[in-house]
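Here's the structure, in structure tokens; my notes come after.
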Amino acid sequence: MLKIYNTLARDKQEFVPMVTGRVGMYVCGMTVYDYCHIGHARVLVVFDIVYRWLKASGYEVNYVRNITDIDDKIIKRAAENGESIHDLTARFIAAMHEDADALGVLRPDHEPRATQFVPEMLDMIAQLEANGLAYRAPDGDVNFAVRKFPGYGKLSGKSLEDLRAGERVEVADNKNDPLDFVLWKHAKEQEAGEVKWDSRWGKGRPGWHIECSAMGSKLLGNHFDIHGGGADLQFPHHENEIAQSEGAMLHEQGGGCTFVNYWIHNGFVNVDKEKMSKSLGNFFTIRDVLQKYDAEVLRFFILRAHYRSPLNYSDAHLDDAKGALTRLYTALKSAPAVAQAVDWGGPHAARFRAAMDDDFNTPEAVAALFELANEVNRSQSAEAAAQLKSLAGVLGLLQREPAEFLQGSAGAGGLDDAGINAQIEARIAAKNAKNYAEADRIRKELLDAGIVLEDTPQGTTWRRA
RNA sequence: GGCGAGAUAGCAAAAUGGUUAUGCAGCGGAUUGCAAAUCCGCCUAUCCCAGUUCGAUUCUGGGUCUCGCCUCCA
């Protein structure tokens, strides 16, 4: 039985879908004005695991991950670059897909873009206005009236009084309450035509929060099972989504309606114990990291920590993850696995399943993989190897040929496979002539070039250190 | 200031009211021409102070420290 830590309840709860056997899941994706960094990689991988585990558990999952392709930062960046919004977002959507694919992240069932759902957003804003929860501000914006929505703050555990006491909330002239947020931004003179949509409130564009409410409802219904995202979205973004969606539903159900049953939030990636973020400038893009590390190492690094814990990023930690993943692939190299479905009856699989059912405890599930690898090494059993590969496959790991992972690819100026094999042949000749000094010299030379040789009963193999 | 999360061995990171986490690193042995890999064994833990308990790293209270949210952010 799957248990999920529900932010709304601040506790682990048994997962019960609204419709037996089916799950509707929405995750807040990227705002596409730049390359994804490691923090984004974590959201992608974490919810990929949620998606995979739900499917492995037999659910038919409808996974929606949105793309924010219109907002202030995008408009600003497009202007700086002297390119259209469309060209900018198209480039970074393609880049995001490249990065996600490299990390072994499955494509969601739907990837709605904000600009494709403006009519749905306008309908929802109109409904909020009809329900007395939205008002036209003097400057032409349409705002959500936070005070009119009972229960505002239930997700983040904040009361309006607490929030108001916070000195960091800036007072805006056009809002009735400093905490009110924008549903519809009126168009500015200098803005390009492609960021202006017609509406009954005049030309303008949607506020940030409304897109997720509108797209979630459109694709998954007004009430669905799971909504996820980074911990920083808990407030205000997700709090505001609840206010919008539940506020818009008031007329239909006479109050008491629920937008989402389970809210899941992943922890941050830190650098030197500080949150990795654009504003702090302490971020590494996924593609930067992939210059130096295998994408599967990055994925594995993310899965070795629980999704709600902070994850400190550093080269040393990635080196550590690489060493650990090498152990798993080495086991599969010694005992090649045949394709086979997971046998859930085995002890390691049982431990793995219990771990994943306990709020997606991937570190514990990975520990089960290592115990299985130990068994593979001891028994050299094809069945055990098949079980290791299929179980790891549930996490999107260990699906490549071991040699491909272990040997990697030659870096610039490094030895290519032909050069390595020529050296190995020369060393074998020296060994056969009992010229161990020469054999060791060659091995040392290769080692200095980052190539580790391993003499086995089946011959000499190599891997990159 | 308000609200919340966390402090586990050299590093990373799970779990648990009493019984081996796991990986990397280190040490000893087996194996090897020597290595590497692998196997066997070992080593190093539960922030501090009280309380509950036969027994607490685990529960309760207090303290210290760290981090996050309260503004765009995955």
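Note that these values count all heavy atoms, side chains included, but never hydrogens, waters or copies made by symmetry. By convention in this document, chain letters (A, B, ...) are assigned in the order of the sequence lines, proteins followed by strands, and residues within each chain are numbered from 1.
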Just checking, Lys278(A) and Tyr33(A): is the charged tip under 6.0 Å from the six-membered ring centre and within 45° of the axis? yes
May I ask you to verify if any side-chain N or O of Lys275(A) is less than 4.0 angstrom from the OP1 or OP2 atom of rC69(B)? yes
Could Arg308(A) and Tyr5(A) be counted as a cation-pi pair, given that NZ or CZ must be under 6.0 Å from the ring centre and within 45° of the axis? yes
Please write out each protein N/O paired with an N/O of nucleotides 12-15 of chain B under 3.5 Å, distance rounded to 0.1 Å.
unit_1	atom_1	unit_2	atom_2	d
rA14(B)	OP1	His306(A)	N	2.6
rA14(B)	OP1	Ser309(A)	OG	3.2
rA14(B)	O3'	Asn361(A)	ND2	3.0
rA14(B)	O2'	Glu364(A)	OE1	3.3
rA15(B)	OP1	Asn361(A)	ND2	3.2

Expressed as a whole number of Å, how far does the C1' atom of rU16(B) sit from that of rU46(B)? 11 Å
Please answer whether rG33(B) and Tyr436(A) are stacked, defined here as ring centres separated by less than 5.5 Å and planes angled under 30°. yes
Sequence neighbours left out, what passes salt bridge (Lys or Arg N to Asp or Glu O under 4.0 Å) with Asp180(A)? Give chain and number order. none
Extract from the structure each pairing of a protein N or O with an N or O of nucleotides 43-48 of chain B at less than 3.5 Å, listing the distance.
none

Mind listing the N/O atom pairs, protein and nucleotides 37-40 of chain B, below 3.5 Å?
unit_1	atom_1	unit_2	atom_2	d
rA37(B)	O4'	Glu454(A)	OE2	3.4
rU38(B)	OP1	Arg327(A)	NH1	3.3
rU38(B)	O3'	Asn377(A)	ND2	3.1
rC39(B)	OP1	Arg327(A)	NH2	3.2
rC39(B)	OP1	Asn374(A)	ND2	2.8
rC39(B)	OP1	Asn377(A)	ND2	3.2
rC39(B)	OP2	Arg327(A)	NH1	3.4
rC40(B)	OP1	Arg378(A)	NE	3.4

Duplex segments of RNA chain B, taken as runs of at least three Watson-Crick or G-U pairs that stay under 3.5 Å: B:1-7 with B:64-70, B:10-12 with B:22-24, B:26-30 with B:38-42, B:47-51 with B:59-63
So does Asp440(A) reach the base of rG33(B) with its side chain, donor to acceptor, closer than 3.5 Å? yes
Give me, pair by pair, the N or O atoms of the protein and of nucleotides 3-10 of chain B that are less than 3.5 Å apart, along with how far apart they are.
none

